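Please read the structure below before turning to the comments.
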There are 2 protein chains.
Amino acid sequence: MTIINDSGASLTATIRDVAAAAGVSVSTVSKALSDGYRVNPETRARVKEIAKSLHFTPNRQAQSLHSGRTGTVGLLTSDLDGRFSIPVMMGAEDAFGLGEVSVFLCDARGDSIREQHHVRALLSRRVDGLIIVGDSTNPRDPLSLALPIPVVYAYAPSSSPDDISVISDNVGAGRQAAEHLISSQRDRIGYIAGDPTFRAATDRVAGATASLVAQELEFVGGSALYGGWTEEWGRNAVRHLLSVDSLMDGVLCGNDAIARGVVDALREDGYDVPRAISVLGHDNWELIATQARPPLSTIDMNLEELGRNAARLLFRAIDGDRAIGTHEVKTRLIHRGSTSPKY
Amino acid sequence: MTIINDSGASLTATIRDVAAAAGVSVSTVSKALSDGYRVNPETRARVKEIAKSLHFTPNRQAQSLHSGRTGTVGLLTSDLDGRFSIPVMMGAEDAFGLGEVSVFLCDARGDSIREQHHVRALLSRRVDGLIIVGDSTNPRDPLSLALPIPVVYAYAPSSSPDDISVISDNVGAGRQAAEHLISSQRDRIGYIAGDPTFRAATDRVAGATASLVAQELEFVGGSALYGGWTEEWGRNAVRHLLSVDSLMDGVLCGNDAIARGVVDALREDGYDVPRAISVLGHDNWELIATQARPPLSTIDMNLEELGRNAARLLFRAIDGDRAIGTHEVKTRLIHRGSTSPKY
DNA sequence: CTGAAAGCGCTTACAG
DNA sequence: CTGAAAGCGCTTACAG
């Protein structure tokens, strides 16, 4: 948008305005502003001076016509209101923003038609690459269009091994969780898992199971209890587990909502958390975890780091180095009040 | 990024490739693809056919050199992880996405240096306009740079009356909350407010106070109790209020976290929510509100609508119609289990 | 060291 | 109806 003022000059100056004001040619202005070109130091100084006084900002759209790169990237999410995609996006935005690239945000709202539509729009803007961030850890179908630019799948991996994906190490997270309880001398551990249709739920259970087995332990009741991701499920399930083993001393939970339900039920039933029974969640949802009584120990997925990695992998791919395969980011134990040594 | 295949043809076709393949001039292709130009129907059909087979997508960057508009807009947020900015952004993205405009996302992280940096980057990309999404309802200083493009402030209004701002009607929200309790035959109402340095806290109290006064009522203890936005504050404050008036029959809370603390404390102390004491929150944070026992009635700020309005106002401004001033969006009562008629 | 020219991918009067 | 030309804002060999 160009606004013309009284004197007829454009409010957003072009390189020609600068050239005219400096009394040199357009090409000289271009070189003077670019560094790395041989230009008389005085000329350069004067041009820069004038460019600044005119608030000249080179038009990146025009520049990109030459470089072939636009310095833009598309971030395509399937659920903007998702608790998982936001931190991933923050990380990516952060990694890109430091360089010179700007990110286009598109929300497909879980609709593949909408997704295609957005991809086309992004292509017409000649983005240099694409990050597809998913809303669950379940693998997803790769984009159906053949794209002339690199794509990185974040959080939800592509189901194709030839694509570039970055995910959380949920199996490792499960292991990390179990090891934390085991190292706190807990040996009667129950597992209250989330919705079994979610890969995150089963992966976490798998990791935890492996750790128990390594210690020749097994879960209270023989195996993990699957349900939903809610507090209510946590409350109900923990009471059931206690009816199976009244001496249970540790509970692993599929996420923090479940864990919160568990600590609420235990407190109401007169159990001492964390001394008698330690409780560990997943996801580190601050809103829930910090306000619980006691505040929840939990496993953080390092989602911002995941987003940063996705950005880095995309950079590499844009530079021709496609690191195909699924890259995992390590999780991190957050120690709060719901876990402690037994004695 | 252009990938060259075996035959030497560019993978991302240009208008010249189409022209060559169709045996017509570049200008004819341009017109054929644009509709609204007089072109032989057969030529047009053939050109479209070929364009499609070549996967031709016009380069919007190049197009914008002529139109003066890029069809892009900047969304500058001060806290991407904020619970408030996300829905606002969703609304804006939604309103823009339906048209032909793409949105650049920038997260300033509450840092005004970073903000300036992002604004400059956006300017160099020649965005047609800017939406500044705040992280609280407190008015903020307008952008210091003089911009050649329109700006809309969302959620946090600009402190300048000459700017365009869209906010939630928090005074109205407070009124709506109080009227809901009053119409449920509650007449001994306490108010547990949030952090008094937040405009949202004081606005909501102001609205509720006005409604009570209109009924010749006053809050338990004479006035609202300010504290923090936490569950713990809610638990402590409600017990204090009960010590002041053991017959209190309604509690208005500054947000849902406070309300959740309140219902927890009441349940633990043996009060019947909602019959004996009704409790109402603000913000409609699903994660907290739906999981509370009972689920929380609350006031929703319609943030997506706020975002959509911001987008519409920006559209208008880009078209030359700057609706300056502060536009309010109405809030909405969400009725769940924590409020009910008294008898 | 500086500038005229060609060109990036497209559009739009203007001739024919 | 079609195409050659000029131009949008910039960059980059190429002469001078």
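As the structure is a prediction and not an experimental result, all values here were calculated from the model. Every chain is numbered from 1, with letters handed out A, B, ... down the list of sequences.
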Practice prompt. Search all heavy atoms of B:P142 against all heavy atoms of B:S158 and return the closest pair with its distance.
Written response: CB-OG, 3.7 Å
Worksheet, complete the sentence: In short, B:G129 meets B:L314 closest at the heavy-atom pair C-CD2, 3.9 Å
Has [X] got a side-chain atom pairing as donor or acceptor with [Y]'s backbone, closer than 3.5 angstrom?
{"X": "A:D107", "Y": "B:E93", "answer": "no"}
{"X": "A:N59", "Y": "A:Q61", "answer": "yes"}
{"X": "A:S159", "Y": "A:R140", "answer": "yes"}

[X] [atom1] to [N] [atom2]: how many Å, rounded?
{"X": "A:N40", "N": "C:dG3", "atom1": "CG", "atom2": "P", "value": "11 Å"}
{"X": "B:L65", "N": "D:dC10", "atom1": "CG", "atom2": "P", "value": "9 Å"}
{"X": "A:N59", "N": "C:dC10", "atom1": "CG", "atom2": "C1'", "value": "14 Å"}
{"X": "B:L33", "N": "C:dG9", "atom1": "CG", "atom2": "P", "value": "16 Å"}

Item to complete: Indicate whether any N or O donor in one side chain lies under 3.5 Å from an N or O acceptor in the other, for A:S144 and A:Q116.
Response: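 Yes, a side-chain donor-acceptor pair sits under 3.5 Å.
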Practice prompt. Return yes if a side-chain donor-acceptor contact under 3.5 Å exists between B:E115 and B:S78, otherwise no.
Written response: no
Discussion item. Strictly by ring-ring contact (aromatic ring centres under 6.0 Å, His included), give each pair with a member in residues 131-157 of chain B just once, sequence neighbours left out.
Written reply: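 Non-adjacent pairs meeting ring-ring contact (aromatic ring centres under 6.0 Å, His included): B:F84-B:Y155.
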Worksheet, complete the sentence: In short, ring-ring contact (aromatic ring centres under 6.0 Å, His included) pairs touching residues 95-146 of chain B with sequence neighbours left out are A:F104-B:F104, B:F96-B:F315
Worksheet item: Between B:R16 and C:dC8, does any side-chain N or O lie under 4.0 Å from OP1 or OP2?
Response: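 B:R16 to C:dC8 OP1/OP2: side-chain N or O found under 4.0 Å.
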Discussion item. Measuring to OP1 and OP2 of C:dT2, would you say a side-chain N or O of A:T28 lies under 4.0 angstrom away?
Written reply: no
Could you pull out all donor-acceptor pairs under 3.5 Å where a side-chain atom in residues 26-33 of chain A meets a protein atom, sequence neighbours excluded?
from  : atom 1 : to    : atom 2 : distance (Å)
A:S27 : OG     : A:S25 : OG     : 3.2
A:T28 : OG1    : A:S25 : OG     : 3.1

Worksheet entry | Secondary-structure notation, DNA chain D, from Watson-Crick and G-U pairs under 3.5 angstrom (| other strand) | |||.||||||||.|||
Worksheet entry | Proximity to DNA chain D (any heavy atom under 4.0 Å), residues of residues 41-53 of chain A only | none
Discussion item. Rounded at 0.5 Å granularity, tell me how far CG in B:L76 sits from SG in B:C106.
Written reply: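 Here the interatomic distance stands at 5.5 Å.
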Worksheet, complete the sentence: Quick tally for nucleotides 11-16 of chain C: nucleotides whose base has a protein heavy atom under 4.0 Å get B, sugar-phosphate-only ones S, the rest -, giving BBB---
Fill in: Nearest-Å distance once atom P is located in both D:dA4 and C:dG7
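Between the two P atoms, the distance is 16 Å.
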